[in-house]
Enquirer: 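Input: one structure, supplied below.
Order of appearance sets the numbers: ligands from 1, and atoms from 1 within every ligand. Heads up: numbering here begins at 1 and tracks the sequence. Just so we're clear, the structure is a prediction, and the values are computed from it rather than from any experiment. Reckoned from all heavy atoms, side chains included, excluding hydrogens, waters and symmetry mates.
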Amino acid sequence: MLAYIGLGSNLKGPRKQIEKALRALSEAKETTLLSVSSFYQSKPLLDMPGPNYLNVVCKIETDLSALDLLNFCQEIENNQYRVREVKWGSRTIDLDILLYGDQVLATKRLTIPHPEMINRAFVLLPLFEIEPGLKLPLLGPLKGLLERIESSDVEKYG
Ligand code: ROI
């Protein structure tokens, strides 16, 4: 199955944290890393206090089910000492399953497409960079979604 994962970090060397998580994704025998976007920098959403974020989106091919992919992503987060303190607080690493093939899922643990992705330029811009022609289940062409949101506060980094 093809899947897209959004990665974000604003603590403890964000670039290093994201590179480490990408390495974990690429080294797992059930997943192949197919492409990775540039790094993008933005302020924390909703004017939350904290350092700027770096975000990337990657495309993988995986034999894992959506739920096992979620478990794997959370294992990577735990390995990088992610601590869940306040909701929407700073984090060393965050991995969000954005899309899993054309699957639509709404369970307690996992909603796909990721429910917030359509509002987040730090997800849509890197996704557009690696897959400009993408059509999302339920939500339609990525290009149309990007045109609806303000994205000037997200910039390419490095
Ligand atoms: N803000 C930005 N800019 N990037 C993120 O990845 C990000 N992730 C989050 C919250 C805390 C909502 N804010 C973010 O989870």
Side-chain angles (χ1 to χ4, degrees), residues 2-26 28 31 33-60 62 66-67 69-100 104-132 134 136 138-139 142-158:
L2 285 179
Y4 297 85
I5 296 177
L7 297 90
S9 170
N10 76 332
L11 288 180
K12 302 198 175 137
R15 191 179 185 112
K16 201 180 64 189
Q17 296 294 342
I18 288 173
E19 282 167 350
K20 186 171 177 190
L22 288 169
R23 214 174 314 125
L25 281 172
S26 72
T31 63
L33 193 56
L34 298 177
S35 53
V36 182
S37 74
S38 307
F39 286 78
Y40 289 77
Q41 177 169 254
S42 57
K43 288 209 218 86
L45 212 64
L46 308 172
D47 292 322
M48 293 287 285
N52 285 346
Y53 277 81
L54 286 185
N55 290 94
V56 313
V57 168
C58 71
K59 177 183 184 179
I60 63 170
T62 184
L67 211 53
L69 183 59
L70 177 66
N71 289 333
F72 183 47
C73 286
Q74 293 186 342
E75 194 181 303
I76 295 172
E77 291 175 348
N78 293 335
N79 283 340
Q80 295 183 222
Y81 306 105
R82 168 146 180 204
V83 181
R84 291 171 190 270
E85 287 158 345
V86 287
K87 187 171 161 76
W88 289 355
S90 293
R91 64 271 320 273
T92 51
I93 192 72
D94 184 30
L95 283 86
D96 290 333
I97 303 174
L98 306 172
L99 300 168
Y100 183 82
V104 174
L105 201 68
T107 67
K108 205 164 163 200
R109 280 192 70 202
L110 188 58
T111 301
I112 299 176
H114 190 287
E116 284 301 319
M117 68 181 286
I118 58 171
N119 304 318
R120 295 179 172 178
F122 62 78
V123 172
L124 297 185
L125 275 177
L127 183 57
F128 187 75
E129 179 192 335
I130 61 173
E131 209 71 85
L134 190 66
L136 287 70
L138 301 179
L139 303 166
L142 175 57
K143 190 162 194 298
L145 297 174
L146 249 180
E147 282 161 1
R148 287 181 33 252
I149 60 163
E150 171 63 43
S151 59
S152 59
D153 48 349
V154 177
E155 55 187 35
K156 257 194 204 183
Y157 175 87

Enquirer: Tell me the residues surrounding ligand 1, counting only those with a heavy atom closer than 4.0 angstrom, sorted by chain and number.
Expert: S42, K43, P44, L45, Y53, N55, W88, R91, D94, R120, F122

Enquirer: Report yes or no: do S90 and N10 form a side-chain donor-acceptor pair below 3.5 Å?
Expert: yes

Enquirer: How would you list all residue pairs meeting salt bridge (charged side-chain N to carboxylate O under 4.0 Å, His left out) that involve residues 47-60, not counting sequence neighbours?
Expert: K59-E131

Enquirer: Is it true that E147 and K143 have a side-chain N and a carboxylate O under 4.0 angstrom from each other?
Expert: yes

Enquirer: I want to check something: taking the side chain as every heavy atom from C-beta on, are L142 and L124 in contact at a cut-off of under 4.5 Å?
Expert: yes

Enquirer: Mind checking what makes side-chain hydrogen bond (donor to acceptor under 3.5 Å, both in side chains) contact with T107, not counting sequence neighbours?
Expert: none

Enquirer: E116: which residues meet the side-chain hydrogen bond (donor to acceptor under 3.5 Å, both in side chains) condition with it, sequence neighbours left out?
Expert: N119

